[in-house]
Amino acid sequence: MFLWLLLLMLYWLSIDMPRYAYEGDQVVVRCSGEENNKIKRLMYYKDGSRISTYYSTSSYVISNARPSDSGSYYCKADRKFFLFVDVTEETRSTWLTVQELFPAPVMTARPLLPTEGNSVTLSCDTQLPSDRSKTQLQYSFFRDGHTLRTKWSSSEFWISALWKEDSGYYWCEAMTSSHSVSKRSHRSYIHVQRIPVSGVFMETQPQEGQAIEGKMLVFVCSVVEGTGEISFSWHREDTRECLGRKTVRSQRSELEIPVIRESHAGGYYCTADNNHGLIQSEIVNITVRIPVSHPLLTISVPGNQIFIGDMVELHCEDKRASPPVLYSFYHENISIGNISVPSGGGVSFNLSLTAEHNGNYFCEANNGLVAQRSEMVALNITEPPVKIRLMNGLHRCEGRVEVEKNGHWGTVCDDGWDMNEVTVVCRELGCGAAKHTPAGMLYPPVAKEDQPVFIQVAMCNGTEDTLAECEQVETFDCGHDEDAGAVCEGG
């Protein structure tokens with residue numbers, strides 16, 4: 001009977017708990033008896049030390065297990081045994097082992113020695129056990145106490161560009177999505193290397209230093225190598241004047257000259273420096289080409305009046321335009337000639353005037369940059385003054401032939417005078433066809449004796465427009481009794 005009671009007391013209280021767990025798990029230690037309502041006090045122990053006491057049946061819960069929670073667990077319970085008799089029951093001991101879920105991560109950088117301006121990949125590497133491989137981890141990355149990325153799903157973090165000032169201590173943290181387990185890597189120092197500038201080069205837009213007056217010119221300074229903040233400056237060679245400075249995180253920078261003047265022609269260079277020594281480019285010579293702007297047309301005439309047969313000179317010039325310049329001359333919008341000037345200066349164009357040359361003229365200058373026209377210039381051609389007349393006839397187309405020279409009128413000798421000469425006289429006077437070659441004596445009064453005889457012989461072929469165009473022999477032996485006459489059908 002006593003043995004039965006002893007066995008009953010020995011197995012009355014039991015403990016139920018897992019033997020293995022991972023850090024971060026919830027572990028439940030449950031103690032219970034045959035009749036839990038008779039338990040008056042329940043006590044949990046670990047490694048011989050009481051860790052919790054309850055006054056009713058209750059489980060002991062480790063909400064976030066740690067390796068330090070590993071150990072030997074058992075329970076004790078005070079229960080009512082018989083009437084006013086209480087007894088203390090004790091369970092057997094059970095060993096709990098809490099395993100590491102994952103080791104502290106190791107942070108690495110690729111490349112190990114980055115250079116300024118280049119990308120770097122940070123890796124936060126750790127390993128989950130095979131039976132917990134689906135556990136979701138989150139990763140965070142830090143530098144010198146500053147958070148670079150937090151709760152990142154990937155174990156890699158790509159930084160697009162690092163600079164010298166980004167050198168410092170980096171580390172990472174791996175954490176379960178429930179935040180139950182969190183571990184940090186050791187700090188690693190990343191030194192970002194700076195590359196000194198080299199290969200400084202300057203170019204222009206437009207290219208080859210060909211600037212145009214009134215337009216924009218852009219100086220472009222670049223380096224073949226060099227990282228970090230680079231200070232660029234631009235200078236004029238002859239005066240060493242600094243045109244401008246810029247500090248940028250780029251291997252290239254531009255300086256704009258909004259409006260180019262002729263005075264900007266000359267040599268220029270640029271410099272670059274990233275605190276490793278200033279480097280200068282080669283000299284670039286700027287040539288300023290001047291567009292055509294205001295061509296001027298002038299017409300040179302032999303006197304105050306312009307007559308048919310006169311020779312006139314049309315001169316076109318743009319005094320500032322850069323050569324070569326193509327000059328074109330126009331009469332009433334019709335081209336009458338083109339002349340190219342390879343080395344500067346104006347051009348002239350000569351005209352022997354006819355009645356058709358009357359009207360407006362302009363010239364155009366084009367040096368490949370722009371074409372511009374001059375102002376219109378009017379050329380007013382007058383009919384030539386009368387150089388011949390028929391005197392004392394019944395009408396203006398009949399009479400003694402007289403010609404004008406140097407403001408004086410004189411007669412023509414009838415030596416060799418025939419219908420060819422009369423035909424020309426009638427044509428010149430606008431009197432129609434020639435009819436007769438009468439003697440000048442038939443048209444009294446006879447010329448005065450002091451009136452000269454200008455032409456001894458006129459040798460016309462009948463096709464000339466004026467008597468002045470015919471070959472002539474000056475007077476050597478002729479009087480007014482031999483004066484020539486003419487009769488035309490007009491009148």
Side-chain angles (χ1 to χ4, degrees), residues 299 301-312 331-332 350-360 378-491:
I299 300 179
V301 297
N304 293 328
Q305 287 186 304
I306 308 171
F307 300 105
I308 294 174
D310 285 348
M311 184 70 70
V312 298
H331 173 223
E332 302 293 356
N350 293 325
L351 281 179
S352 179
L353 298 180
T354 64
E356 289 76 18
H357 288 127
N358 198 68
N360 294 316
L379 187 62
N380 298 312
I381 302 173
T382 59
E383 292 290 333
V386 177
K387 298 288 186 179
I388 192 168
R389 65 187 179 185
L390 298 178
M391 296 296 294
N392 301 333
L394 296 177
H395 48 76
R396 77 176 192 88
C397 294
E398 177 185 357
R400 182 175 66 249
V401 178
E402 292 188 1
V403 295
E404 185 267 338
K405 286 188 178 181
N406 300 321
H408 300 285
W409 289 92
T411 62
V412 178
C413 188
D414 63 2
D415 291 355
W417 189 262
D418 59 22
M419 288 297 289
N420 282 343
E421 285 73 32
V422 174
T423 296
V424 173
V425 169
C426 292
R427 181 180 298 124
E428 185 174 359
L429 290 174
C431 289
K435 293 181 70 177
H436 302 295
T437 59
M441 293 286 292
L442 296 176
Y443 300 101
V446 178
K448 296 180 180 179
E449 289 211 10
D450 60 350
Q451 187 175 5
V453 178
F454 283 144
I455 301 173
Q456 179 80 35
V457 181
M459 295 173 283
C460 301
N461 58 29
T463 61
E464 294 86 353
D465 290 324
T466 66
L467 192 64
E469 295 178 25
C470 302
E471 291 188 41
Q472 297 177 6
V473 177
E474 292 185 2
T475 304
F476 58 86
D477 179 20
C478 191
H480 289 304
D481 57 339
E482 297 180 73
D483 286 343
V487 177
C488 307
E489 69 177 8

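Quick caveat, the model's predicted, so the values are computed rather than measured.
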Requested in this report: Go through the steps to decide whether Asp481 and Met441 satisfy the test side-chain contact (heavy atoms from CB on, under 4.5 Å), and finish with yes or no.
Outcome: CA-CA 6 Å; Asp481 57 339; Met441 293 286 292; 4.3 Å; yes

Query raised in the report: Going through the distances and angles, do Cys478 and Gln456 end up as a side-chain contact (heavy atoms from CB on, under 4.5 Å)?
Result: CA-CA 7 Å; Cys478 191; Gln456 179 80 35; 3.7 Å; yes

Can you find a heavy atom in the side chain of [X] that is under 4.5 Å from one in the side chain of [Y]?
X: Ile306; Y: Leu353; value: yes
X: Ile388; Y: Val425; value: yes
X: Ile299; Y: Leu379; value: yes
X: Glu428; Y: Asp465; value: no
X: Leu390; Y: His395; value: no

Requested in this report: With rounding to the nearest 0.5 Å, note down the distance linking OG1 in Thr423 to CG in Asp418.
Outcome: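 CG of Asp418 is found 8.5 Å from OG1 of Thr423.
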
**Report entry** Inter-residue atom distance Asn461.CG - Cys470.SG, 0.5 Å rounding
**Finding:**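 SG of Cys470 is found 7.0 Å from CG of Asn461.
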
Report task. Taking side chain to side chain donor-acceptor pair (under 3.5 Å) as the test, write out the residues that go with Asp483, two or more places apart. Result ->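 If we apply the side chain to side chain donor-acceptor pair (under 3.5 Å) test to Asp483, skipping adjacent residues, the hits are Thr411, His480.
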
Query raised in the report: With sequence neighbours left out, what residues match Glu474 under side chain to side chain donor-acceptor pair (under 3.5 Å)?
Result: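 Here no residue qualifies.
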
Which pair of non-hydrogen atoms, one from [X] and one from [Y], has the smallest distance, and what is that distance?
X: Pro438; Y: Val487; value: CG-CG2, 3.6 Å
X: Glu464; Y: Val424; value: OE1-CG2, 3.6 Å
X: Val412; Y: Val453; value: C-CG1, 4.4 Å
X: Thr463; Y: Arg427; value: C-NH1, 3.4 Å
X: Pro445; Y: Asn392; value: O-ND2, 3.3 Å
X: Leu467; Y: Ala458; value: CD1-CB, 4.2 Å

**Report entry** disulfide (SG to SG under 2.5 Å) contacts in which one or both residues fall within residues 414-443, not counting sequence neighbours
**Finding:**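 The answer is Cys397-Cys431, Cys426-Cys488.
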
Report task. Evaluate the side-chain contact (heavy atoms from CB on, under 4.5 Å) criterion for residues Asn350 and Val312: first the C-alpha distance (whole Å), next the side-chain angles of each, then the deciding distance (0.1 Å), finally the verdict. Result -> CA-CA 6 Å; Asn350 293 325; Val312 298; over 6 Å; no

Query - Sequence neighbours excluded - side-chain hydrogen bond (donor to acceptor under 3.5 Å, both in side chains) pairs with any residue from residues 434-444 - result: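 side-chain hydrogen bond (donor to acceptor under 3.5 Å, both in side chains) check on residues 434-444 returns Glu398-Tyr443.
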
Query raised in the report: Listed by chain and number, what are the ring-ring contact (aromatic ring centres under 6.0 Å, His included) partners of His357, not counting sequence neighbours?
Result: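 With neighbours one apart ignored, the set is empty.
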
Query raised in the report: Just by distance, do the side chain of Asn358 and the backbone of Ile381 share a donor-acceptor pair under 3.5 Å?
Result: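 Yes, Asn358 side chain to Ile381 backbone: donor-acceptor pair under 3.5 Å.
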
Report task. Would you please name every residue forming a salt bridge (Lys or Arg N to Asp or Glu O under 4.0 Å) with Glu402, sequence neighbours left out? Result ->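 Salt bridge (Lys or Arg N to Asp or Glu O under 4.0 Å) list for Glu402, sorted by chain: Arg389, Arg400.
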
Query raised in the report: Would Val457 and Trp417 satisfy side-chain contact (heavy atoms from CB on, under 4.5 Å), going step by step from the backbone distance to the final call?
Result: CA-CA 7 Å; Val457 181; Trp417 189 262; over 6 Å; no

